[in-house]
Amino acid sequence: MNVMGDKATLFETGRFVQPSGEEPTRDEAAEAAEEARRRLQAAAGDVEAMSVLGAVLLRRGDLDGAEPQLRAATAAGDRAAANNLGVLLHQRGYPEEAAGWWRIAAVAGSAAAAHALGRHHRERGDEPAAEYWLRQSAEQGHALGAYALADLLEHRGDTAAGRWMRAAAERGHREAAYRLARALDRRPVTDEGETGGDNGIGAEAAAGAMETEEAEQWYRQAAARGHRRAALHLGAILERRGELKEAGRWYLTSAKDGEARAACALGFLLRDAGDTESAAVWWLRAAQDGDGNAANALGALHAERGETQTAERWYRAAMDAGDDNGAYNLGLLCADQGRTAQAEQWYRRAAYAGHREAANALAILLLQGSDPTGAEPWFSKAAEAGSVDAAFNLGILYAGRGEERVALRWYERAAAAGHTEAALQVGIARLRDGDEAAAERHLRCAAGGGSPEAAYRLAAVLDARRPTVSEHELGESSLNVKTECEEWYERAASQGHRRAQVRVGMLAAARGDVVEAARWYRAAAEAGSRNGAFNLGLLLAREGSEPEAAVWWERAADAGHGRAALRLALVYARRGELAVGQQWADRAVALGPAEVAERAGRLRDALREELSA
């Protein structure tokens with residue numbers, strides 16, 4: 001056979017699938033005229049016209065019309081026609097005859113035929129032959145051949161797969177671009193930081209950042225070519241980076257192409273932007289396509305609206321879609337309605353499926369039902385699975401039994417994962433053990449996480465380190481500068497911590513800021529602090545408002561403050577109301593402490609003598 005020319009091929013010229021938007025669509029009359037011209041040329045023996053006409057008819061699905069044209073062109077030495085004849089025979093169900101024509105075209109240099117022949121051999125399990133022909137195709141720059149070769153090598157675990165996958169992606173193969181992006185996106189990155197340069201970034205961390213950037217580029221390429229999952233992952237990358245508008249555009253593109261996960265993600269993006277109604281539309285679309293996460297989101301939306309029956313229906317749909325959150329959310333819904341038995345049932349179902357928060361919720365339910373023995377293994381299972389709340393709850397459980405060392409281990413585990421209250425408990429334990437440095441570290445973590453008790457205790461630790469200031473120095477200017485401990489006291493006080501409010505009031509009074517001191521004392525007193533009420537009384541008395549001071553002292557004394565009772569005894573004694581003064585003196589003796597009881601006892605005896613005189 002003469003060396004074949006390469007006139008027309010479905011796969012090499014794009015005649016099999018015409019990309020949208022690359023060429024203007026011609027009207028039917030022009031196409032008919034062009035086809036008629038080619039038929040005349042083919043009838044006159046024009047090999048190129050036969051090949052092109054056969055390709056056009058094959059693309060149209062007219063196999064009977066295409067076959068004689070392709071056979072005639074093939075017989076005349078056109079390798080593209082031989083390749084397309086193989087395609088036609090494969091469609092007719094004659095794979096072996098198709099392979100024969102592909103072999104002829106491939107030997108003559110057709111990369112498309114080599115690709116088709118390689119696919120043929122792989123489908124029949126002849127991997128060596130498949131690799132040979134796919135490599136021939138790939139080395140000629142054929143994108144499909146490079147991708148198929150990469151897929152074959154990857155299946156065998158050959159490290160050369162990555163090179164060919166990259167080659168296919170660079171030649172515009174969208175699935176190759178997507179798979180290359182996924183490989184880069186999933187690659188584990190460690191940040192040792194010990195081999196880094198002067199900028200402090202470790203070499204591996206820098207490489208990881210470069211790989212993430214490259215993955216994004218390949219996602220973009222695949223997404224731009226209509227790959228809906230690439231658009232989904234690109235949207236996720238952009239959302240994590242805070243580029244929400246562009247993320248939303250890619251989610252929308254992917255969702256419109258039928259990707260349920262993108263529709264779900266778009267729903268969450270819209271919800272966070274405050275557009276709940278639009279979010280619900282996309283969640284509904286995703287849920288109807290079987291996305292359990294979207295069904296859960298719809299359930300939560302209806303639960304917030306009080307539409308519990310609809311919420312339950314969507315939670316069940318999520319569960320049916322294989323999402324364990326559905327059973328967990330059903331448990332939460334039942335628990336909110338007081339349906340404890342059903343809540344336990346759903347929690348158990350989710351917990352047995354490995355849902356750690358369901359295991360924690362089940363344990364809490366059992367603990368509330370006075371079954372600590374049943375609760376403990378579920379807390380343990382949840383904690384071992386990574387539930388921070390379960391680790392903290394185990395600490396509470398063991399602390400309640402008096403097993404402080406075991407409790408501390410679980411508190412430390414939860415604290416290491418960022419649990420604020422666990423960090424507070426560790427800080428308290430370290431203070432109790434005398435390890436002030438470790439205590440301060442944990443208290444700072446807890447205080448920074450928003451715990452007012454931790455902020456107060458941290459302030460107290462810092463306060464204890466301050467040098468003692470004598471009475472005559474209280475008005476000095478150095479006290480007008482707020483220290484770190486006072487800032488922590490104020491943070492706790494602003495969160496409603498009564499002891500911190502009293503302490504902030506005391507520090508303000510020491511600076512001479514009576515108005516600020518009164519504000520904090522009053523806040524503490526109104527929240528039920530007897531020390532706050534007592535100190536507010538002292539402040540008012542010093543300012544000449546003894547009647548109002550007596551009101552607050554009475555509140556403090558009624559709450560068990562001995563010094564307040566002693567002050568009231570003195571107030572009534574000075575007023576001449578000796579009997580009332582004696583009553584408050586009796587109360588002060590009973591309340592103490594010892595120093596107050598001793599003074600109150602002397603005052604009571606003096607008042608009794610005065611009354612009996």
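As the structure is a computational prediction, the values presented were derived from the model and not from experiment. Numbers here are sequence positions counted from 1.
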Quiz item: Rounded to the nearest 0.5 Å, what separation is found between the CG atom of Leu365 and the CH2 atom of Trp378?
Solution: 12.5 Å
Quiz item: Side-chain donor-acceptor pair under 3.5 Å between Trp346 and Gln342, yes or no?
Solution: no
Quiz item: Passes salt bridge (Lys or Arg N to Asp or Glu O under 4.0 Å), Glu403 versus Arg409? Steps please.
Solution: CA-CA 10 Å; Glu403 300 178 45; Arg409 285 202 300 271; over 6 Å; no
Practice problem: Please check if the side chain of Tyr489 supplies one atom and the backbone of Val502 the other of a donor-acceptor pair under 3.5 Å. | Solution: no
Exercise. Check whether any side-chain heavy atom of Arg348 sits under 4.5 Å from a side-chain heavy atom of Gln345, and report yes or no.
Key: no
Practice problem: Would you mind reporting whether Arg356 and Asn360 have side-chain heavy atoms less than 4.5 Å apart? | Solution: no
Quiz item: Is Arg491 salt-bridged to Glu487, cutoff N-O under 4.0 Å?
Solution: no
Quiz item: Should the pair His497 and Tyr456 be assigned to parallel (<30°), tilted (30 to 60°) or perpendicular (>60°) ring geometry?
Solution: parallel
Quiz item: Should the ring pair His561 and Phe534 be called parallel, tilted or perpendicular, given that the plane angle runs from 0 to 90° and is split at 30 and 60?
Solution: parallel
Quiz prompt | Atom of Ala263, atom of Ala286 and distance for their closest heavy-atom approach | solution = CB-CB, 3.8 Å
Exercise. To the nearest 0.5 angstrom, please state how far the CH2 atom of Trp250 sits from the NE2 atom of His233.
Key: 14.0 Å
Quiz item: Would you say the side chain of Tyr411 lies within less than 4.5 Å of the side chain of Ile396, judging by non-hydrogen atoms?
Solution: yes
Quiz prompt | Expected output: side-chain Gln501 to main-chain Trp520 donor-acceptor under 3.5 Å | solution = no
Self-check item: Closest approach of Leu540 to Ala549 (non-hydrogen atoms, all atoms of both residues)
Solution: CB-CB, 4.0 Å
Practice problem: Using distance alone, with no hydrogens and no angle criterion, decide if Tyr572 and Gln583 have a side-chain donor and acceptor under 3.5 Å apart. | Solution: no
Quiz item: Mind checking whether Leu431 and Leu443 have side chains closer than 4.5 Å, heavy atoms only?
Solution: yes
Quiz item: Where the side chain of Asn393 meets the backbone of Asp389, is there a donor-acceptor pair that is under 3.5 Å apart?
Solution: yes
Quiz item: Any idea which heavy atoms bring Ala375 and Leu367 closest together, and the distance?
Solution: CB-N, 4.0 Å
Quiz item: Any ion pair linking Glu516 and Arg511 (charged N to carboxylate O, less than 4.0 Å)?
Solution: no
Quiz item: Glu484 and Arg465: salt bridge (Lys or Arg N to Asp or Glu O under 4.0 Å), yes or no, with the steps?
Solution: CA-CA 11 Å; Glu484 186 188 5; Arg465 296 176 187 166; over 6 Å; no
Self-check item: Separation between CG of Asn296 and CH2 of Trp314, rounded to the nearest 0.5 Å
Solution: 11.0 Å
Quiz item: Can you name the closest pair of heavy atoms from Leu362 and Glu344 and give their distance?
Solution: CD1-CG, 3.6 Å
Quiz item: Using 4.0 Å as the upper bound for N to carboxylate O, is an ion pair formed by Arg499 and Glu453?
Solution: yes
Exercise. Please answer whether the main-chain N or O of Glu376 pairs with a side-chain N or O of Ser380 as donor and acceptor at a distance below 3.5 Å.
Key: yes
Quiz item: Does some side-chain heavy atom of Thr373 sit less than 4.5 Å from a side-chain heavy atom of Asp371?
Solution: yes
Self-check item: Lys/Arg-Asp/Glu bridge criterion (N-O < 4.0 Å) met for Arg555, Asp558
Solution: no
Self-check item: Arg602 side chain reached by Glu598 side chain, heavy atoms, under 4.5 Å
Solution: yes
Quiz prompt | Considering all heavy atoms, the nearest Ala414-Ala422 contact | solution = CB-CB, 3.5 Å
Practice problem: Please check if the side chain of Arg498 supplies one atom and the backbone of Gly528 the other of a donor-acceptor pair under 3.5 Å. | Solution: yes
Practice problem: Kindly say whether Val461 contributes a backbone atom to a donor-acceptor pair with the side chain of Glu436 at under 3.5 angstrom? | Solution: no
Practice problem: Answer yes or no for Arg401 and Tyr398: cation-pi contact, defined as NZ/CZ to six-membered ring centre under 6.0 Å and angle to ring axis within 45°. | Solution: yes
Quiz item: Judged by atom type as modelled, is there a donor-acceptor pair below 3.5 Å linking the side chain of Arg530 to the main-chain atoms of Gly560?
Solution: yes
Practice problem: Using a strict cut-off of less than 4.0 Å between a Lys/Arg side-chain nitrogen and an Asp/Glu carboxylate oxygen, indicate whether Asp433 and Arg430 qualify as a salt bridge. | Solution: yes
Quiz item: Hey, does Glu312 have a side-chain heavy atom less than 4.5 Å from the side chain of Arg316?
Solution: yes
Practice problem: Please tell me if the side chains of Leu538 and Asn535 come closer than 4.5 Å, counting only heavy atoms from C-beta onward. | Solution: yes
Quiz item: Arg220 pairs by salt bridge (charged side-chain N to carboxylate O under 4.0 Å, His left out) with which of Glu213, Glu214, Glu246?
Solution: Glu246
Quiz item: Just by distance, do the side chain of Ser545 and the backbone of Glu548 share a donor-acceptor pair under 3.5 Å?
Solution: no
Quiz item: By side-chain contact (heavy atoms from CB on, under 4.5 Å), which residues pair with His355, not counting sequence neighbours?
Solution: Asp324, Asn325, Tyr328, Ala350, Glu357, Ala358
Quiz item: Taking all atoms of both residues into account, what is the closest heavy-atom pair of Ala423 and Ala446, and its distance?
Solution: CB-CB, 3.8 Å
